[in-house]
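Notes to accompany the following structure.
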Amino acid sequence: MRGMLHGSSFLDVFVLLHVLGPSLIFSISVNTPAELHASKGDTVTLSCTFTSSSRPTSKMSIDWSYRPQSGGPPLTFFHFSSRAFLPLEGQFSGRILWQGSPARGGASISLVNATLKDNGTYTCSVRNPPDVHGSPTSHTVLTVTPKAPSLRFSDVAILLVFIILPSTVITLILIGRMLCPTKQHSQSKVYRSPIEVTEGEEYGIDPPGAKVKRATCCDLYLMDSEDEYYNFKKNPPMHDGFAESQC
């Protein structure tokens with residue numbers, strides 16, 4: 001009876017090792033980021049790493065495939081087997097760079113000059129016989145968006161020269177005038193009516209601080225002429241035949 005139980009237990013263990021043994025001993029795991037975001041025109045690195053229980057050999061192969069965002073069958077555009085086979089035609093022609101290092105578990109590639117048409121799901125598949133179990137594939141969803149407009153140096157220079165700089169100069173001028181108003185020099189002489197006099201003028205006294213102008217010969221002559229004319233108007237001659245002289 002004990003022999004039968006012992007034989008049954010050994011058989012169960014043998015079956016269990018036979019079923020799970022390959023997955024525990026010969027397995028491979030591939031990892032990629034779930035999502036990637038990029039702007040139009042960027043260079044995008046499609047990262048892919050793998051771990052394998054066996055050392056990479058010449059039989060190892062790596063494939064990258066693409067499924068459009070709109071749907072459809074996947075398209076394999078990159079293959080590695082001892083060396084990289086880059087796409088020579090189609091959507092990815094001339095835009096794929098091999099960045100992997102299989103000996104270190106790297107299977108990454110770069111997508112140059114990303115476009116909006118590149119939106120979709122990218123799948124990295126790694127095979128390294130005898131590792132045939134585990135998770136040999138992994139998926140990444142790439143989203144490419146239009147690049148946000150940015151100011152170039154020339155645009156900033158034009159804006160600075162034609163808008164900001166003149167506005168700054170005008171503002172400084174206005175502030176200067178507000179803080180330091182220009183002093184308006186009053187005229188030394190203003191018009192006054194014949195009967196309007198200032199203090200001291202009726203006595204022939206100049207106001208304090210006033211500059212006294214020296215009379216010239218011409219001024220004295222004109223003053224004498226005015227006095228004679230005033231006296232003539234006040235006391236005109238009584239005899240006939242007198243004619244007023246004109247200068």
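Everything quoted here is computed from the prediction, not taken from an experiment.
- Scored by the side chain to side chain contact (heavy atoms under 4.5 Å, CB included) test, T43 finds S110, V112 as partners (sequence neighbours excluded).
- Annotation for S29 and N31: closest pair OG-ND2, 3.8 Å, computed over non-hydrogen atoms.
- Listed by first and then second residue, the disulfide bond (SG atoms under 2.5 Å apart) pairs that reach into residues 38-129 are C48-C124, sequence neighbours excluded.
- Checked against salt bridge (Lys or Arg N to Asp or Glu O under 4.0 Å), K40 has no partners two or more places apart in sequence or in another chain.
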Donor-acceptor list for residues 87-94 side chains, cut-off 3.5 Å, not counting sequence neighbours:
unit_1	atom_1	unit_2	atom_2	d
Q91	NE2	K117	O	3.1
Q91	NE2	D118	OD1	2.7
S93	OG	L88	O	3.0

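- Using a 4.5 Å heavy-atom threshold, the side chains of Y122 and L111 count as touching.
- Between the side chain of S138 and the main chain of T32, a donor-acceptor pair closer than 3.5 Å is present.
- Sorted by first and then second residue, the side chain to side chain donor-acceptor pair (under 3.5 Å) pairs involving residues 55-76 (not counting sequence neighbours) are D63-H79.
- When every heavy atom of N128 is checked against every heavy atom of P56, the shortest pair comes out as OD1-CA, 3.6 Å.
- Placement of L46 and L75 in two distinct hydrophobic clusters is found when ILVMFWY residues are connected by side-chain heavy-atom separations under 4.5 Å, directly or transitively.
- With a 4.5 Å cut-off on side-chain heavy atoms, F78 and L86 count as touching.
- Hydrophobic clustering (ILVMFWY, side-chain heavy atoms < 4.5 Å, transitive): L116 and F77 are in one cluster.
- In this structure the side chain of S135 never reaches within 4.5 angstrom of the side chain of V30, judged on heavy atoms.
- The heavy-atom pair separating I62 from A107 by the smallest distance is CD1-CB, 3.5 Å.
- Annotation: side chain to side chain contact (heavy atoms under 4.5 Å, CB included) contacts of P33 (sequence neighbours excluded): L36, S47, T140.
- Side-chain polar atoms of H133 and S27 form no donor-acceptor pair below 3.5 angstrom.
- The distance from the CG atom of L179 to the CG atom of L174 is 11.0 Å, given to the nearest 0.5 Å.
- Hydrophobic clustering, with ILVMFWY side chains joined whenever heavy atoms are under 4.5 angstrom apart, groups W98 together with M60.
- To the nearest 0.5 Å, atom CG of residue D42 and atom OG1 of residue T145 are 8.5 Å apart.
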